[in-house]
Every structure is written in C-alpha cells, then in structure tokens.
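Data block below; observations after.
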Amino acid sequence: MEKTIESTVSLAQLRRPLPREFYDRDPRRVSRELLGKVLVRREGRRVRTARIVEVEAYLGADDSAAHSFAGRTARNAVLFGPPGHTYVYFIYGNHYCLNVSCLPDGVAGGILFRALEPLAGIEEMALARGLSVASTATSARDLRQLTSGPGRLAEAFGITRERDNGKDLTSARSDLFIADDGYRVRRILTTPRIGISKAVERPLRYVISGNEFVSGPRLRS
DNA sequence: TTATAGATTGCCT
DNA sequence: GGCAATCTATAAT
C-alpha cells in the first residue's frame, strides 16, 4: 500500500443522503452507482465514514440465491417494502450483514454491502472490531481487516438487526445513510457472488477495480 | 501462503 | 433439524 488514507471528505457534502429515487431501480443498476459512494454513521458528534468498494445485487423472484426468493416472511419483509431501507440479517451465529432495499413497494430486491474503504472514524471502527487502534493506524494489512467483508463492515459500523433493521437511509435525520462526495469510480469489475450455493454463476458482484479493500484474494484488473 | 474446521444463532421446512 | 449472502484460529506447505 503506497499511500495513507486521508479523509478528504467534507462534512457539508456528507449531510445529504441519496434520495429515495436512487434506490427505486433495478438492483444491478443501483449496485454500479453505489460503488464510490460513502456510508455514514453518526453517533452524537462522532462520525464514521467509509467508501463503498464492493456490493452484490439480489434480485428477488428471479433469483434463487436471494432471501426474498421463497416469498415474504417476517425476516425478509424489508426487501418487499419501499426502496432505500436497511435489511439487516444475522448469519452463521456470529455476524450481521447490511443490505439496502431496491425497487418499488411490493417488489423485492436488494443489495448486500461486502466491503468498504475506511475514511474517517477509524479509531472507533477498530474499537468496534476489537482490534488494536495502533496497529490499524500503522499497518495497511490491519487497516484492511476493519471493513473488508460483510460481517466485518457491519461490526465496524456497530450495525445490528435490533438497532438498524428497517431504517430509512434517505432520511436526513437518520444516524445511518449514504452520500455522494463527488468521488468518481474509474472502472468496475463484475464477478460471481460469494458464499452462495444457488445461482452461483450469475455475475452480480460489483467491485471497484484495483481497490485494496475489496474482500477475498486480489483480483486481476 | 493456502487449507480446513469450529463457532453459534435464528429462520424456515 | 438443517443449514446459512461469514470470520478466525490453527495447521501444514
């Protein structure tokens, strides 16, 4: 890793959440446009921000790997609701995963957040992850451990089902939302999704080409 | 550097 | 009762 991570993001730019219409489209389109945007967690005066570098689209009725595939249940209800709301589920007995609903009310679809590049509030993320603040500040390898993977990023942002499921990400008063800081993505790679056993071949995973914080082994770009 | 098992909860059949 | 959109420790190469 050749450069240190600096927060070049102004808080003024991060005050406006992306609007509802942004999410009211096909998850494949929203996935591409979410790359490079910034996830913001506000806690009183403290702010954690990180750039979205890897996501997966889940399509609903057409997609046997999606939680919504078998129809609406209490657990997956958010995916069938209006766009721009968080779907948080618990997995493997240990981890929470963060998603956002897409498409209009009544139509299922969503996006799983798989990896982020930390920008601000790195100390708080390290504490939330139970990692050493000192080593994440000095080791690129340890910094990568913070938010590189869906369970990791949820832990770094303090996201739980109890606290965050069903939140409206488009509300200006929300303590969790997504904003555009003007960053432009150069190139997007698409690959099959990770960790699923159905519809394994569909290329619905989207990553920023060359980004160090993408989960898993390095891809050639 | 890669491979493998174990953890541990709640949802759905 | 089975198993999941995962992570970590540990072992072996």
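So you know, we letter chains A, B, ... as the sequences are listed, proteins then strands, and number each from 1.
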When you measure from the centre of the six-membered ring of A/Phe213, is the NZ or CZ of A/Arg51 closer than 6.0 Å and no more than 45° off the axis?
no
For DNA chain B, what dot-bracket results from Watson-Crick or G-U pairs at under 3.5 Å, with [ ] for crossers and | for inter-strand partners?
|||||||.||||.
Residues passing the side chain to side chain donor-acceptor pair (under 3.5 Å) test with A/Glu123, sequence neighbours excluded, are none
Residues passing the side chain to side chain donor-acceptor pair (under 3.5 Å) test with A/Tyr23, sequence neighbours excluded, are none
If you group Ile, Leu, Val, Met, Phe, Trp and Tyr by side-chain heavy-atom gaps below 4.5 Å, do A/Tyr92 and A/Tyr87 land in one group?
yes
Please check this pair: side chain of [X] against backbone of [Y], looking for a donor-acceptor N/O pair closer than 3.5 Å.
X	Y	result
A/Arg187	A/Ser209	no
A/Glu117	A/Asn211	no
A/Arg42	A/Ser174	yes

Would you tabulate the nitrogen or oxygen pairs shorter than 3.5 Å linking the protein to nucleotides 11-13 of chain B?
unit_1	atom_1	unit_2	atom_2	d
B/dC12	OP1	A/Thr73	OG1	2.3

If you take any heavy atom closer than 4.0 Å to DNA chain B, which residues from residues 86-99 of chain A end up in contact?
A/Phe90, A/Tyr92, A/Gly93, A/Asn94
DNA chain B contacts made by residues 61-68 of chain A, counting heavy atoms under 4.0 Å
none
Using atom P in both nucleotides, what's the gap between C/dC3 and B/dA5 to the nearest angstrom?
16 Å
Interatomic distance, A/Arg205 atom CZ to A/Arg193 atom CZ [nearest 0.5 angstrom]:
12.0 Å
Can you pull the salt bridge (Lys or Arg N to Asp or Glu O under 4.0 Å) pairs that have at least one residue in residues 127-136 of chain A, sequence neighbours excluded?
A/Arg129-A/Glu155
Residue pairs fulfilling salt bridge (Lys or Arg N to Asp or Glu O under 4.0 Å) with at least one residue in residues 85-111 of chain A, sequence neighbours excluded
none
Of A/Arg129 and A/Tyr58, the one whose closest DNA chain C nucleotide lies more 5'
A/Tyr58
Select from A/Leu79 and A/Arg152 the residue whose nearest nucleotide in DNA chain C is closer to the 5' end of that strand.
A/Leu79
Using a side-chain heavy atom cutoff under 4.5 Å and only I, L, V, M, F, W and Y, what cluster partners does A/Val133 have?
A/Leu127
In the hydrophobic clustering that connects Ile, Leu, Val, Met, Phe, Trp and Tyr at side-chain heavy-atom distances below 4.5 Å, which members other than A/Val107 occupy its cluster, ordered by chain and number?
A/Leu103
With the threshold set at 4.0 Å, does a side-chain nitrogen-carboxylate oxygen contact exist between A/Arg16 and A/Asp180?
no
Is the closest basic N to carboxylate O distance between A/Arg48 and A/Glu124 below 4.0 Å?
yes
First and last nucleotide of DNA chain C in contact with chain A, 5' to 3', at under 4.0 Å to a heavy atom: what are they?
C/dA4 to C/dT8
Would you please name every residue forming a salt bridge (Lys or Arg N to Asp or Glu O under 4.0 Å) with A/Lys167, sequence neighbours left out?
A/Asp164, A/Asp175
